[in-house]
Number of protein chains: 2
Amino acid sequence: MKDPLIGLPGYVLRRAAAAALAELNERLAPLALRHSDASFLILIDASPGITQSTAGRILDIQRANMVPFLARLERRGWVKRKKVDGRTQGLMLTSEGRSVLAKTRAIIEDFEAGLIKRVPRKLRAGVLPILLALWNRPTEEVDP
Amino acid sequence: MKDPLIGLPGYVLRRAAAAALAELNERLAPLALRHSDASFLILIDASPGITQSTAGRILDIQRANMVPFLARLERRGWVKRKKVDGRTQGLMLTSEGRSVLAKTRAIIEDFEAGLIKRVPRKLRAGVLPILLALWNRPTEEVDP
DNA sequence: TATTGTTATACTCTATAACTATA
DNA sequence: TATAGTTATAGAGTATAACAATA
């Protein structure tokens, strides 16, 4: 039985992402982390003092959904908040957070390397440009 | 504020898929369909008489999750079941199902065309081969 | 014994509306 | 008036375990 959807880039994009995410979550499971936690830790580390609104905008996580998300990371002692003004709080990794991030980075690098290795050598240079292009919503009719 | 994850193919793959899916769901909303419904209708149409177990295996939907999924499509009069033997039932589109599928296909074709148009011309030939390669789990160390 | 369909259940992710307190 | 953080809630999507009926 063949999959009649296999010629549709949108469908294959979804399946590829789902498979990759499942694999990454498996690999992160020993740290009791999910891929979303990992991306969040990386972002805070790259931008210490970032607010949760800004972080949410970058990662495309709604403000409302950041709350339980952040609460968990804080409860586990990986992220701390520091008041910036009366309504804003900057996010920082704790030293424990940096420690778990180091392990996380190792797992992610291994995962990403494995991902790219599935692609035939000759096509590898196109992977990131194509994915970035697919990601961006059409702005003007460039290269129609 | 830059996204420090933008160099990771796995991350961009996820974001690209999420954005594409959201857009497709928007486009399908007038038909009160979701992308998962659409792929299911296409599959049944391509393989009339397929069982839900087989369909679930192809689409990577668990048997247990097929039940409410199929029930909705049947309730809306788009899919009917026919007993094959005592425990197996073949799935078929109703004429109403074929009618909604025709509209669905038009939306999907337009969506897929828009998706591919985001990619610079020179890279387009690589899109599907790369996505298919990323989808497949590594078997042996081919092309390391 | 293995498979099909089913029920029940739980967790993640996402989406929206509305509230508060601050800027 | 707009924004940051929060609460509550709902709907997809996905995962597992267990069961009955049948092959």
Side-chain angles (χ1 to χ4, degrees), chain A residues 1 11 13-26 28-29 31-40 44 49-76 79-91, chain B residues 1 11 13-26 28-29 31-40 44 49-76 79-91:
Chain A
M1 190 65 63
Y11 175 76
L13 177 63
R14 176 174 77 83
R15 297 295 303 267
L21 265 287
E23 191 191 328
L24 179 54
N25 281 333
E26 266 176 46
L28 290 172
L31 300 179
L33 274 184
R34 326 211 82 263
H35 68 88
S36 43
D37 300 317
S39 53
F40 202 72
I44 297 177
I50 193 172
T51 66
Q52 52 182 293
S53 289
T54 302
R57 254 178 254 118
I58 292 173
L59 298 177
D60 196 30
I61 300 175
Q62 315 240 356
R63 276 202 325 282
N65 295 329
M66 294 288 287
V67 177
F69 193 84
L70 241 171
R72 200 175 72 255
L73 295 179
E74 206 177 6
R75 197 178 336 115
R76 300 183 73 179
V79 170
K80 62 186 171 211
R81 318 187 194 198
K82 200 163 70 178
K83 281 246 181 266
V84 173
D85 59 32
R87 71 178 177 190
T88 310
Q89 40 199 299
L91 303 176
Chain B
M1 189 65 63
Y11 174 76
L13 177 64
R14 178 175 76 84
R15 296 296 303 268
L21 265 286
E23 191 191 327
L24 179 55
N25 281 333
E26 266 177 45
L28 290 172
L31 300 179
L33 274 183
R34 325 209 84 260
H35 67 90
S36 44
D37 300 316
S39 54
F40 202 73
I44 297 177
I50 194 172
T51 67
Q52 52 183 291
S53 290
T54 302
R57 252 178 254 120
I58 292 175
L59 298 178
D60 197 30
I61 300 175
Q62 313 241 356
R63 274 201 326 285
N65 295 330
M66 294 288 287
V67 178
F69 193 84
L70 242 170
R72 201 175 71 253
L73 294 179
E74 205 178 7
R75 198 178 334 115
R76 300 184 71 181
V79 170
K80 64 188 171 207
R81 318 187 194 199
K82 200 164 70 179
K83 281 247 181 266
V84 172
D85 60 32
R87 70 176 176 190
T88 309
Q89 40 200 297
L91 303 175

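So you know, we letter chains A, B, ... as the sequences are listed, proteins then strands, and number each from 1.
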Spacing of [atom1] belonging to [X] relative to [atom2] belonging to [Y], to within rounding of 0.5 Å:
X: A/Lys83; Y: A/Gln89; atom1: NZ; atom2: CD; answer: 5.0 Å
X: A/Lys80; Y: A/Glu74; atom1: NZ; atom2: CD; answer: 11.0 Å
X: B/Arg72; Y: B/Asp37; atom1: CZ; atom2: CG; answer: 4.0 Å
X: A/Met66; Y: A/Thr54; atom1: CE; atom2: OG1; answer: 9.0 Å

- Can a side chain N or O of A/Ser53 be found less than 4.0 Å away from OP1 or OP2 on D/dG5? yes
- Whether each nucleotide of nucleotides 16-23 of chain D has a protein heavy atom under 4.0 Å at its base (B), only at its sugar-phosphate (S) or at neither (-) is summarised, 5' to 3', as BB----BS
Nearest heavy-atom pair of [X] and [Y]: which atoms, and what distance?
X: B/Ala20; Y: A/Leu13; answer: CB-CD2, 3.9 Å
X: B/Ile58; Y: A/Tyr11; answer: O-OH, 4.0 Å
X: A/Phe69; Y: A/Ser36; answer: CZ-O, 3.3 Å

Please give, in whole Å, the distance from [N] [atom2] to [X] [atom1]?
X: A/Arg81; N: D/dG5; atom1: CZ; atom2: P; answer: 8 Å
X: A/Arg14; N: D/dG13; atom1: CZ; atom2: P; answer: 8 Å
X: A/Asn25; N: D/dA15; atom1: CG; atom2: P; answer: 10 Å
X: B/Asp60; N: D/dG13; atom1: CG; atom2: P; answer: 14 Å
X: A/Leu21; N: D/dG13; atom1: CG; atom2: P; answer: 15 Å
X: A/Lys82; N: D/dG5; atom1: NZ; atom2: C1'; answer: 19 Å

- Item | First and last nucleotide of DNA chain C, 5' to 3', lying under 4.0 Å from heavy atoms of chain B |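 Both ends considered, the range comes out as C/dA2 to C/dA8.
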- Query: Hey, which of B/Val79, B/Ile61, B/Thr88, B/Leu91 is the one that makes side-chain contact (heavy atoms from CB on, under 4.5 Å) with B/Gln52?
  - Reply: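 Option passing the side-chain contact (heavy atoms from CB on, under 4.5 Å) with B/Gln52: B/Leu91.
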- Note on the structure: By nearest-nucleotide position on DNA chain D, the 5'-leaning member of A/Gln52 and A/Ala18 is A/Gln52
- Have a look at B/Arg72 and say if it touches a base, only the backbone sugar-phosphate, or nothing, with a 4.0 Å heavy-atom cut-off.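 Answer is nothing: B/Arg72 stays at 4.0 Å or more from every strand.
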- For A/Asp60, all residues meeting side-chain contact (heavy atoms from CB on, under 4.5 Å), sequence neighbours excluded: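 Checked A/Asp60 against side-chain contact (heavy atoms from CB on, under 4.5 Å); matches are B/Arg15.
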